[in-house]
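Read through the structure below, which is laid out as structure tokens, and then see the notes.
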Amino acid sequence: METQTRLNVLYGSLVIEDLISSILGNLLDIDYENSKTLGSKTSSLSFKNKIDLITDMRVLKREDAKKFELFAKIRNKFIHNLRIDTFLKCFENLDGEDKVLVKLYPVNNSESLSDEAILERCFDSLFIDLNKIIGTVF
């Protein structure tokens with residue numbers, strides 16, 4: 001399960017970052033796939049830099065940018081720390097961010113889900129929400 005969790009977070013991250021790069025490419029009239037700043041080269045802007053740029057351009061609301069930033073924090077914990085392989089371990093290293101995530105995306109716990117399952121569902125809801133934001137804003 002833990003390996004699948006890491007893969008799901010990584011895949012979601014790749015999808016969101018590609019969409020953000022594509023949007024920036026469209027806004028700036030840049031071929032993002034071949035761009036030094038938006039593509040996948042070592043000189044490319046970080047995910048946070050891309051979100052900051054879109055926010056500075058007033059294309060993305062600050063409250064939505066915070067959702068992207070939360071997503072990036074979760075992604076970074078899974079990608080940069082081998083020992084973090086569950087959402088519970090992830091949020092042990094992100095003080096209070098689990099409460100933010102659960103408040104943003106409450107889960108009906110009529111099924112008596114484990115804390116891990118609740119956080120996973122919240123993360124899935126965050127991913128879906130970011131896709132909707134991208135679709136509606138851009």
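Residue numbers run from 1 in the order of the sequence given.
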**Request:** Decide yes or no for Ile74 and Leu126: does some side-chain heavy atom of the first lie under 4.5 Å from some side-chain heavy atom of the second?
**Result:** yes
**Message:** Between Leu38 and Leu45, is there a side-chain heavy-atom distance shorter than 4.5 Å?
**Reply:** yes
**Message:** Can you confirm whether Asn8 sits close enough to Gln4 that some side-chain heavy atom of one is under 4.5 Å from a side-chain heavy atom of the other?
**Reply:** yes
**Message:** I'd like to know if the side chain of Ser44 and the backbone of Gly39 have a donor-acceptor N/O pair within less than 3.5 Å.
**Reply:** yes
**Request:** Enter the distance from Leu14:CG to Leu19:CG here, rounded to the nearest 0.5 Å.
**Result:** 11.0 Å
**Item:** Expected output: side-chain Arg6 to main-chain Ile84 donor-acceptor under 3.5 Å
**Value:** yes
**Prompt:** If you count the non-hydrogen atoms of other residues, nucleotides and ligands that lie under 6.0 Å from CG in Asp56, is the total more than 12?
**Reply:** yes
**Asked** How about Ile30 and Leu24: do any of their side-chain heavy atoms sit closer than 4.5 Å?
**Response** no
**Considering all heavy atoms, the nearest Arg75-Val9 contact** = CA-CG1, 3.7 Å
Output side-chain donor-acceptor pairs under 3.5 Å for residues 127-138, partner residues at least two apart or in another chain, one line each.
{"from": "Asp129", "atom 1": "OD2", "to": "Lys67", "atom 2": "NZ", "distance (Å)": "2.9"}
{"from": "Asp129", "atom 1": "OD2", "to": "Tyr105", "atom 2": "OH", "distance (Å)": "2.5"}
{"from": "Asn131", "atom 1": "ND2", "to": "Phe127", "atom 2": "O", "distance (Å)": "2.9"}
{"from": "Thr136", "atom 1": "OG1", "to": "Lys132", "atom 2": "O", "distance (Å)": "3.0"}
{"from": "Thr136", "atom 1": "OG1", "to": "Ile133", "atom 2": "O", "distance (Å)": "3.3"}

**Prompt:** Side chains of Glu17 and Lys50: does their closest heavy-atom pair fall under 4.5 Å?
**Reply:** yes
**Message:** Grouping I, L, V, M, F, W and Y whenever their side-chain heavy atoms are under 4.5 Å apart, do Leu70 and Leu10 come out in a common cluster?
**Reply:** no
**Prompt:** If you take all heavy atoms of Leu101 and Phe123, which pair is closest and at what distance?
**Reply:** CD2-N, 4.0 Å
**Prompt:** Once you round to the nearest 0.5 Å, how far does NZ of Lys48 lie from CG of Asn76?
**Reply:** 11.0 Å
**Item:** Interatomic distance, Ile118 atom CD1 to Asn108 atom CG [nearest 0.5 angstrom]
**Value:** 10.0 Å
**Asked** Would you say the side chains of Asp18 and Tyr32 form a donor-acceptor pair under 3.5 Å?
**Response** yes
**Message:** Could you see if Met57 belongs to whatever hydrophobic cluster contains Ile16? Use Ile, Leu, Val, Met, Phe, Trp, Tyr and a side-chain cutoff under 4.5 Å.
**Reply:** yes
**Fill in**
CG (Leu119) and CG (Leu88) are apart, to the nearest 0.5 Å, by 5.5 Å
**Message:** How close do Thr86 and Lys89 get, counting heavy atoms only, and between which atoms?
**Reply:** OG1-N, 3.1 Å
**Any Tyr11 side-chain heavy atom under 4.5 Å of Val15 side chain** = yes
**Item:** OG1-CG distance between Thr37 and Asn49, expressed to the nearest 0.5 angstrom
**Value:** 10.5 Å
**Item:** Side-chain heavy atoms of Phe78 within contact of Thr5, under 4.5 Å
**Value:** yes
**Prompt:** Is there a donor-acceptor pair under 3.5 Å between the side chain of Ser125 and the backbone N or O of Arg121?
**Reply:** yes
**Message:** Is it the case that the side chain of Thr55 and the backbone of Ile51 share a donor-acceptor pair, with hydrogens and angles ignored and the cut-off at 3.5 Å?
**Reply:** yes
**Prompt:** Would you call Cys122 and Val107 a side-chain contact if the rule is heavy atoms closer than 4.5 Å?
**Reply:** yes
**Request:** Provide the closest heavy-atom pair for Asn93 versus Lys77 in the form atom of the first, atom of the second, distance.
**Result:** O-CE, 3.4 Å
**Request:** Nearest 0.5 Å please: distance from the CD1 atom of Ile20 over to the CG atom of Leu60.
**Result:** 7.0 Å
**Asked** Between Arg62 and Glu69, is there a side-chain N and carboxylate O pair less than 4.0 Å apart?
**Response** yes
